[in-house]
Number of protein chains: 2
Amino acid sequence: MSDPIPLNLARLRRTCAECSLQMLCLPAGVDAEDLGRLDTVVQRRKPLAKGESLYRTGDPLRAVFVASEGSFKTVVVNPAGEEHVLGFHLPGELFGLDAIGSGQHRCEAVALSDSRVCELPFSQLATIAAKLPSLQQQLLRVIGQSADRDHDHVDVLSRRQASERIALFLHGLSERYRRIGRPCDDFQLPMSRDEIARYLGLVLETVSRGFSRLHEDGVIEVRGRRVRIVDETALCLAANGGSDGASPQPRKRDRA
Amino acid sequence: MSDPIPLNLARLRRTCAECSLQMLCLPAGVDAEDLGRLDTVVQRRKPLAKGESLYRTGDPLRAVFVASEGSFKTVVVNPAGEEHVLGFHLPGELFGLDAIGSGQHRCEAVALSDSRVCELPFSQLATIAAKLPSLQQQLLRVIGQSADRDHDHVDVLSRRQASERIALFLHGLSERYRRIGRPCDDFQLPMSRDEIARYLGLVLETVSRGFSRLHEDGVIEVRGRRVRIVDETALCLAANGGSDGASPQPRKRDRA
DNA sequence: CGTTACGTTGAGGTATCTCAAGACGGGTGG
DNA sequence: CCACCCGTCTTGAGATACCTCAACGTAACG
């Protein structure tokens with residue numbers, strides 16, 4: 001453990017190449033020894049089957065997570081029994097931070113497909129961060145990025161047109177695929193129409209119709225969960241109020 | 001600066017009694033000397049007039065803020081020129097954390113009334129936190145609580161019935177007034193109907209009608225911005241799908 | 001090859017938005 | 001003190017986008 005462990009560094013670089021833990025592991029200023037210490041803390045590649053929960057509402061804060069394979073959703077079930085989707089978590093994206101406020105998870109994390117996750121015990125993370133200022137900064141940044149995704153969600157939900165929400169959702173997803181180093185204009189949705197609907201505050205039929213409409217308008221190609229973005233510009237336009245397909249003048253600026 | 005300063009401790013305890021910076025200043029394990037160091041960092045009581053901005057979208061992360069008097073809203077203006085309200089910040093609540101992900105503010109903070117704010121330069125906060133593990137933990141917790149408020153916002157926006165959103169909004173506001181030590185069943189709204197609407201993803205008329213309806217049903221009393229919560233239980237019920245007025249028989253979905 | 005989950009499409013009802021007019025309340029100045 | 005103005009809030013009536021209900025198509029799987 002006191003040896004500088006170049007082997008571990010190499011392995012981490014390889015296996016976590018596109019992982020957001022990279023932000024925690026590999027910033028400048030974290031040397032091999034520090035990294036080795038962190039490495040002993042990360043528990044790697046825990047497998048989960050589709051539909052299994054990683055944590056449930058009320059569970060104490062134990063760790064933060066990153067899927068190395070597969071995606072997750074986080075959901076809350078309200079008193080009326082309806083399920084709301086709070087977020088989707090692609091491979092390489094950190095999640096599970098919802099518990100750092102109260103110490104308890106406010107939602108449930110469910111695997112959308114057979115998955116593998118790395119987990120990083122939070123107490124040890126905090127301890128190490130206290131000793132490594134650079135790691136502390138990285139930790140703050142990663143937390144901030146997680147909050148940014150929540151803001152994106154709010155942004156989507158604030159749109160009052162279903163077509164805007166759907167376009168913005170697809171655009172955001174594309175952006176995130178790009179960021180984790182995957183094709184961003186041709187991908188497989190890890191979630192169902194119903195789950196998208198519960199994320200967007202709509203019903204599944206509306207989502208389906210929205211997809212069909214974007215297809216008709218030549219913005220995307222859809223077949224089931226396969227999505228190809230044909231016209232990214234048009235997608236952005238649709239996300240910002242160019243709601244109706246053939247709106248001749250999508251220019252409306254209200255001012256006071 | 002190197003003196004232990006019991007006087008400052010006393011002053012901080014008094015002046016920041018209900019302030020969320022308290023969480024950063026006064027946890028067990030932070031002694032007077034530490035506190036003195038923190039005290040030198042907090043800039044206090046900067047005044048702002050109603051409508052003035054504390055920071056704007058794109059501004060670099062400089063500090064985090066707490067209003068000691070007055071309230072704030074954080075807003076984004078989308079390309080179409082519409083203003084979305086991301087959050088309201090009551091006196092004593094920490095805000096401005098939206099920039100820790102990217103280093104730049106993603107929204108604009110506007111005073112809802114004449115206000116005074118304490119600000120805490122972020123770089124120095126991070127430096128001090130690195131030296132004080134207990135402060136680091138408090139910082140994480142405060143950040144987490146801020147994220148919790150964002151989750152509450154998502155929760156509200158996910159409701160598809162306007163009446164639910166409005167009831168949940170009022171209930172959440174009441175809860176927050178309670179937490180900052182103010183009357184939670186009788187208060188003055190710091191924001192307009194229009195601002196509430198832009199927070200809830202509705203139009204102002206719908207908010208107004210929702211208030212009137214809750215008034216008619218004897219759940220609240222409203223006169224302009226003055227709100228009194230008459231029946232908290234009914235408010236909770238309305239927030240969770242007991243949407244329609246006096247439906248004592250909670251069948252599947254009953255419409256009067 | 002049947003079963004099952006998921007996705008698409010259609011028709012009709014309804015909540016919310018839009019547009020519009022009026023009421024209230026807090027200021028200002030005569 | 002009152003008249004007046006302005007921003008804010010309320011209320012009404014009609015248009016519309018979305019939800020509900022329902023049937024059918026499609027794909028994955030044993």
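Convention: sequence-line order gives letters A, B, ...; per-chain numbering from 1.
If you take CG of A:Leu204 and C1' of C:dC6, they are 9 Å apart, rounded to a whole angstrom. Whole-Å rounding puts the B:Ile220 CD1 to D:dT10 P distance at 10 Å. Across the protein-nucleic acid pair, B:His215 atom NE2 and D:dC9 atom P stand 16 Å apart, rounded to whole Å. As rounded to whole Å, 13 Å separates atom P of C:dA15 from atom CD of B:Glu164. Here the P atom of nucleotide C:dT9 and the CZ atom of A:Arg193 are 10 Å apart, to the nearest Å. Atom-to-atom, NZ of B:Lys50 to P of D:dT8 comes out at 7 Å; the value is rounded to the nearest Å. For B:Leu202 and C:dC17, the CG to C1' distance is 10 Å, given to the nearest whole Å. One can place CD of A:Glu195 at 15 Å from P of C:dA5, the figure rounded to the nearest angstrom.
Summarising the geometry of A:Val76 relative to A:Cys107, their closest heavy-atom pair is CG1-CB, 3.7 Å, with the distance given to 0.1 Å. The shortest heavy-atom contact between B:Gly51 and B:Val110 is O-CG1, 3.5 Å. Contact record, B:Cys236 with B:His171: SG-NE2, 3.3 Å, taken as the closest heavy-atom pair. Minimum interatomic distance between A:Gly201 and A:Leu157 (heavy atoms only, all atoms of both residues): N-CD2, 3.9 Å.
Checking D:dT10, C:dG7, D:dA17 against every side-chain atom of A:Gln161, the shortest atom distance belongs to D:dA17. Checking C:dG7, D:dC9, C:dC17 against every side-chain atom of B:Ser208, the shortest atom distance belongs to D:dC9. Among C:dA11, D:dC9, C:dC6, the nucleotide with an atom closest to any side-chain atom of A:Arg209 is C:dA11.
Contacts between residues 152-160 of chain A and DNA chain C, defined by a heavy-atom separation under 4.0 Å, are made by A:Arg160.
Atom OG of A:Ser192 is separated from atom CD of A:Glu195 by 3.5 Å, given to the nearest 0.5 angstrom. One distance of note links OG1 of A:Thr74 with CG of A:Leu97; it measures 10.5 Å at 0.5 Å rounding.
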Under-3.5 Å N/O pairs linking protein and nucleotides 20-23 of chain C:
none

Please list each protein N or O that sits under 3.5 Å from an N or O in nucleotides 28-30 of chain D, with the distance.
none

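With a 4.5 Å cut-off on side-chain heavy atoms, B:Ile229 and B:Asp186 do not count as touching. B:Val154 places none of its side-chain heavy atoms less than 4.5 Å from the side chain of A:His84. Side-chain atoms of B:Glu119 and B:Arg62, non-hydrogen and from C-beta on, do get closer than 4.5 Å to each other. You'll find the side chain of B:Leu173 stays beyond 4.5 Å of the side chain of B:Val227, heavy atoms only. Residues A:Ser115 and A:Glu69 are not in side-chain contact: their nearest non-hydrogen atoms beyond the backbone lie 4.5 Å or more apart.
OP1 or OP2 of D:dC9 sits under 4.0 Å from a side-chain N or O of B:Arg225.
Rounded to 10 degrees, the angle separating the terminal helix axes of the helix from C:dC1-D:dG30 to C:dG30-D:dC1, each built from five base pairs, is 30°.
Qualifying ring pair (Phe, Tyr, Trp, His ring centres under 6.0 Å) partners for A:Tyr199, counting only residues two or more places apart in sequence or in other chains: A:Phe88, A:His153, A:Phe169. For B:His151, the ring pair (Phe, Tyr, Trp, His ring centres under 6.0 Å) test picks out no residue, with sequence neighbours left out.
Counted by atom type alone, B:Ser71 and B:His89 present zero donor-acceptor pairs between their side chains at under 3.5 Å.
Below the 3.5 angstrom threshold, one finds no donor paired with an acceptor across the side chain of B:Arg223 and the base of D:dT8.
B:Gly201 comes within 4.0 angstrom of sugar-phosphate atoms only, judged by non-hydrogen atoms across all strands, and of no base.
Close placement of the B:Phe65 and B:Tyr55 rings is indicated, their centers lying within 6.0 Å of each other.
Heavy-atom nearest nucleotides on DNA chain C were determined for B:Thr206 and for A:Ser212, and the one closer to the 5' end corresponds to A:Ser212.
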